[in-house]
Structure formats: structure tokens, C-alpha cells
Amino acid sequence: MKIKSLRWWVIVLIAVATVINYIDRQSLNVLWPAISADLYPEKTDDERKEIYAFISVVFVFSYAFGQAIFGKIFDLVGTRLGFVLSIGVWSIATALHALAKGVVSFSIFRAILGVAEAGNWPGATKGSAEWFPTKERALAQGIFNSGAAIGGIISIPLIAFLSVYFSWKVIFILVGLAGLMWLLPWIILVKAPPGSHPWITESEKQYILRGQLNKPDLSGDSNTVDYNPTVSELLTRKQSWAVIIASAAIDPIWWLFVFWIPIYLSEVYGMDVKTIGIYGWVPYVGAMFGAWFGGLLAQNRLEAGWTVNAARKLVITIGCCLMLPALLAMADPGGPGNAVILMAVILFGFQTSIGNIQTLASDLYGGKTVGTLAGFGGMAAKLSAAALTSLVPWLTAGGNYTPAFIIGALLATTTALAVWLLCPSIEPLKPKS
């Protein structure tokens, strides 16, 4: 049996995993007002926000180290088994949230969830490097990144709707079961990499392999052989630090909104869970279109003859330039409608940039190094996100979120500068010797 355009089926399935990933992590964010009222009825709103921030920081720290761990795991065991381990563990961890009784138990289950969910991004980056030629990688990244946006769009109203009929404990179990169900089509469809998959057509296999600049050229040109440095050598290259620093700068912007949109709408505009369900999904629409836009624009420029260096830098810079004024405008957004539209612009810009930042590892290095560098970048990103998350209760005391948004604007600027200054030319690297 042969499947036409198998690579697109694979990336869509990874995008579905990303949707489930975000439904899992957003469940606590949306349900927190109900959970905190149930578990901490005697505490003030500021005290509940501090508890929520602590649990969220535990999640992000775990996610950070999970990125480095799973980046190496995916390089060792491959994309197929790596995803089985990642999504299998995170789905069970989500269901275990139903047993949580307080800060300690919630933190333990969020830690397990964070480590396991972290595998999704280095795994998806490695999957796009395996299954797509260079010119299509940004679009592939955009498709699976749009899964995060779609997950945000779906999760907030979905969890709000389920909360009408089920307790928060039952909702965690239902969401965990969805991830376990995903494993079946993944195991069946993704039997092997494209070079040896029994269902791929010969024409698609040759199209993928010939289009991967870091793969050995079929003509035998030794200049295109994979460069897979050791970890110590990897960290001596300034291009590696461009990936790590850009990831560390841009990622807290995303998490600022993922963690705090429901809390922000509740605190600033007095919304309950049902009203948050009406407004809270709008920013993720911007994220979804941004993921598609960033991928399509990069592919369009590459097909027009632009170098990878020019195309990546253009798209990353456009995304950062969109985020900067919108983040500053969030200091005084006006009504809730204006606020969520500005958030949509910010997340549009974020997703426009992030897909191309995530492809840099595969643009620079060979396939056996992509997961490792993506994991280091992800770890740095989550550590910086944890730092900002831990500061949010202090920065937003009394409901004033302006300091947090100003920090976001500075981070958007840092992202663009890191790519331009540390990566003079985005192209396959060679050993220093």
C-alpha cells in the first residue's frame, strides 16, 4: 500500500498531538478559578494567584528540563518511539490531576506533565527535518505550531463548556484519555523514516531526500555531508547560541498569555469561567493565522529564489516588529474586546517568528544534532518563561499588568537582535577544522 503525500499526513498528525498538548496544559489555567475556590475558599485573590504562579513555575521548570531530556531521547530512539513515550506519559499525568488535593500534589502531577509534554517540540522539529525538504520545513513547522493555537482556540471554550456538566476532576480524566487515543493512528501510520517507510511513494521519497540540504547529496558531493558535532563543540558555535538566545527571549511572550489570559480577564474585567470561554479563545485565532503566515511566507520566498538566510531573517523580523507595538499598547487596551484583539496581534507575530526560529537547528546542523539543539533551545526558553511567570504576581500586584507587557516588548527586540547578530549567515555549518 502506498500513501500519496505521506509527509503531510505525518505533520498533520503531529499538529493534532500539539492540539491535545495545549488542551491538557490549558485545563488547569481555565479551571483554576473553580479549583482554587474549591480547595482554598479562605484565601484572597492575590494569594490564589501566588499559588497558581508557583504551580505554573513548577510546570515550566519541568518542561525546560524535559526539552533537553527529550531532545536527546528523540535523537536516540527516533521520532516514532519518542512521541509514544512523550504523549503516553503526559496523558496519564493529566488524568492523575483528578487526584490532586493541594499545592504539593498539583505540583507533582504538573512536573510529570511538564517533562513529558516537552517532548512534543523537539520531536516535531526532528519530525519536520526528517519528513520535509528544506524549503517546506517552515510551513511544516507552521502547521504543527498552529496546533498550539488551535488547541488554545478549542481548549478555553471546551473546558468552560465541560465545566457546566462535569466536575474539574472528571474533566482532567477525559482530557487525558484523548491523548492516549492519539497513540493508535500514530503507531500505525509512522512505521519508519521516509527513507525506509513501506507506504511512501518513490517520487515523494526522492523529493524529500533531494531537498534536504544537510543530507548527503545523491551526486556524492562531500560538501553537503551532515555536520553532527559533539555537545561541547555545538555550544562553541555562535549560531547555536543564536537559536538558544532567540528561543529564550521569544518564548516567555507566549507563556505570558498562555498562563495568564484567563487570570487577566478575570482580574481586570471581572469575568467568570463562562465569560472567559467567550473571550479567551480569540487571541489564539491570531496565533493560528500567524503560524500559517510565517510558514507560507518563508516557503514563498525560498521558492522565489531567496536564500535560507534571507527568508528566515525576513519572517522572524516581521513577527518581532508586529509584537513590539501591540505589547506596548496592552498597557492601556481599553475594553476587553480591544484587549483580546491586541493579544491576537501579539500571538500572530509570535507564531510568525517562532516557526522559523525552530527550523534554524535543521538549517544549521545534521539530523543527529537537530533534536539536541532544539532541546537546549527549548530548555533555555522554558527557564526564561519560568522566570517571567514567577515574577508576574509581583509585577501585576493590584491588577496592573503594564510592567509585564513592557518586559515582553523588550524580549521581542532581543529575539530579532540575537538572530541578526549571532547568525551572520543561516546555512549548513561545517566543522571548524
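At least one side-chain heavy atom of N400 sits under 4.5 Å from a side-chain heavy atom of P403. Taking the side chain as every heavy atom from C-beta outward, T396 and K49 approach each other to under 4.5 Å. I244 is listed as a side-chain neighbour of L373, based on a closest heavy-atom distance under 4.5 Å. In this structure, Y165 and V170 have side chains that are not in contact, with every pair of non-hydrogen atoms separated by 4.5 Å or more. Put simply, the side chain of C320 does not reach to within 4.5 Å of the side chain of L324, judged on heavy atoms. Residues I3 and I200 have side chains not in contact (no heavy-atom distance under 4.5 Å, counting atoms from C-beta outward). Looking at heavy atoms from C-beta onward, L81 lies out of side-chain contact with I73 at the 4.5 angstrom threshold. The shortest distance between side-chain heavy atoms of N356 and L360 does not fall below 4.5 Å.
To the nearest 0.5 Å, atoms CZ (F59) and CZ (F259) are separated by 5.5 Å. Atoms CG and CD1, from L174 and I159 in turn, are 9.0 Å apart once rounded to the nearest 0.5 Å. Note that CG of L6 and CG of L189 are 5.5 Å apart. Values are rounded to the nearest 0.5 Å. Atom CE of residue M271 and atom CG of residue L265 lie 5.0 Å apart, to the nearest 0.5 angstrom. Rounded to the nearest 0.5 Å, atoms CG (D251) and CG (L411) are 10.5 Å apart. With rounding to the nearest 0.5 angstrom, the CE atom of M181 is 8.5 Å from the CD1 atom of I20.
No donor-acceptor pair closer than 3.5 Å links the side chain of T94 to the backbone N or O of G176. Distance alone, capped at 3.5 Å, places no donor-acceptor pair between the S105 side chain and the A100 backbone. Side chain of S163 to backbone of A160: a donor-acceptor contact under 3.5 angstrom is found. Checking side-chain atoms of S266 against main-chain N and O of I263 turns up no donor-acceptor pair under 3.5 Å. Checking side-chain atoms of R137 against main-chain N and O of T359 turns up no donor-acceptor pair under 3.5 Å. For W241 (side chain) and L235 (main-chain N/O), a donor-acceptor pair under 3.5 Å exists by modelled atom type. S240 places no side-chain N or O within donor-acceptor distance of the main-chain N or O of T236, the cut-off being under 3.5 Å. Side-chain atoms of S196 do not come within 3.5 Å of backbone N or O of A192 as any donor-acceptor pair. Side-chain atoms of W186 come within 3.5 Å of backbone N or O of R80 as a donor-acceptor pair. In this structure a side-chain-to-backbone donor-acceptor pair under 3.5 Å is present from S36 to P33.
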For I357 and I250, what are the C-alpha separation, side-chain angles and deciding distance, and is it a side-chain contact (heavy atoms from CB on, under 4.5 Å)? CA-CA 9 Å; I357 290 172; I250 196 171; 4.0 Å; yes
Stepwise, does the side-chain hydrogen bond (donor to acceptor under 3.5 Å, both in side chains) test hold for Y365 with Q239? CA-CA 10 Å; Y365 295 104; Q239 291 88 345; 5.4 Å; no
Where do S155 and Y284 land on the side-chain hydrogen bond (donor to acceptor under 3.5 Å, both in side chains) test, with the steps shown first? CA-CA 10 Å; S155 62; Y284 294 99; over 6 Å; no
Check the pair L180, L183 against side-chain contact (heavy atoms from CB on, under 4.5 Å), reporting the backbone distance first and the verdict last. CA-CA 6 Å; L180 296 176; L183 290 173; 4.3 Å; yes
Determine whether E47 and Y52 satisfy the following criterion, side-chain hydrogen bond (donor to acceptor under 3.5 Å, both in side chains), listing intermediate values before the conclusion. CA-CA 9 Å; E47 289 172 332; Y52 172 78; over 6 Å; no
Test log, rule side-chain contact (heavy atoms from CB on, under 4.5 Å), inputs F350 and L322: CA-CA 8 Å; F350 174 89; L322 286 170; over 6 Å; no
If you apply the rule side-chain contact (heavy atoms from CB on, under 4.5 Å), what do you find for V104 with S107, and how did you get there? CA-CA 5 Å; V104 174; S107 296; 5.8 Å; no
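The nearest pair of heavy atoms linking N29 to P262 is O-CB, 3.7 Å. Shortest non-hydrogen contact noted between G337 and Y279 is N-CE2, 4.2 Å. Considering every non-hydrogen atom in both H197 and W131, the closest pair reads CD2-CH2, 3.8 Å. A291 approaches S146 most closely through the heavy-atom pair CB-N, 3.6 Å. Nearest heavy atom pair, residue G277 against residue I156, reads CA-CG2, 3.8 Å. Of all heavy-atom pairs between K313 and C423, the closest is NZ-O, 2.8 Å.
Checked against the 6.0 Å centroid threshold, F74 and F83 count as a close aromatic pair. In summary, the aromatic rings of F132 and W8 are positioned with their centroids under 6.0 Å apart.
Both the sub-6.0 Å distance and the 45° axial angle are satisfied by R25 relative to the ring of Y22. Remark: R48 fails to qualify as a cation-pi partner of Y40 under the 6.0 Å distance and 45° angle criteria applied to the six-membered ring.
Using a 30° and 60° split on the angle between ring planes, F106 and W32 fall in the perpendicular class, above 60°. Using cut-offs of 30° and 60° for the angle between ring planes, the W121 and Y63 rings count as tilted. F109 and H97 have tilted rings, their planes meeting at an angle from 30° to 60° on a 0 to 90° scale. The aromatic rings of W168 and F172 sit perpendicular to each other, their planes meeting at more than 60°, with 30° as the lower class boundary.
In this structure, a donor-acceptor pair under 3.5 Å is present between the side chains of T275 and D272. Side-chain contact annotation: R110 with S62, donor-acceptor N/O pair under 3.5 Å absent. With 3.5 Å as the limit, one finds a donor-acceptor pair spanning the side chains of E130 and T79. Of the N and O atoms on the side chains of S86 and N120, not one donor lies less than 3.5 Å from an acceptor on the other residue.
Annotation for W394: atom CH2 does not count as buried by contact number, only 12 or fewer foreign heavy atoms lying within 6.0 Å. Atom NZ of K4 has 12 or fewer heavy atoms from other residues, nucleotides or ligands within 6.0 Å. Open room surrounds CZ on F289; 12 or fewer heavy atoms of other groups in view lie less than 6.0 Å from it. Within a 6.0 Å sphere centred on CH2 of W255, other residues, nucleotides and ligands contribute more than 12 heavy atoms.
Exactly one of L234, L364, D363 qualifies for a side chain to side chain contact (heavy atoms under 4.5 Å, CB included) with L429. That residue is L364. Put simply, the residue from N228, T369, T372 that forms a side chain to side chain contact (heavy atoms under 4.5 Å, CB included) with D75 is T372.
A salt bridge does not link K43 with E50: every distance from a Lys NZ or Arg NE/NH1/NH2 to an Asp or Glu carboxylate oxygen is 4.0 Å or more.
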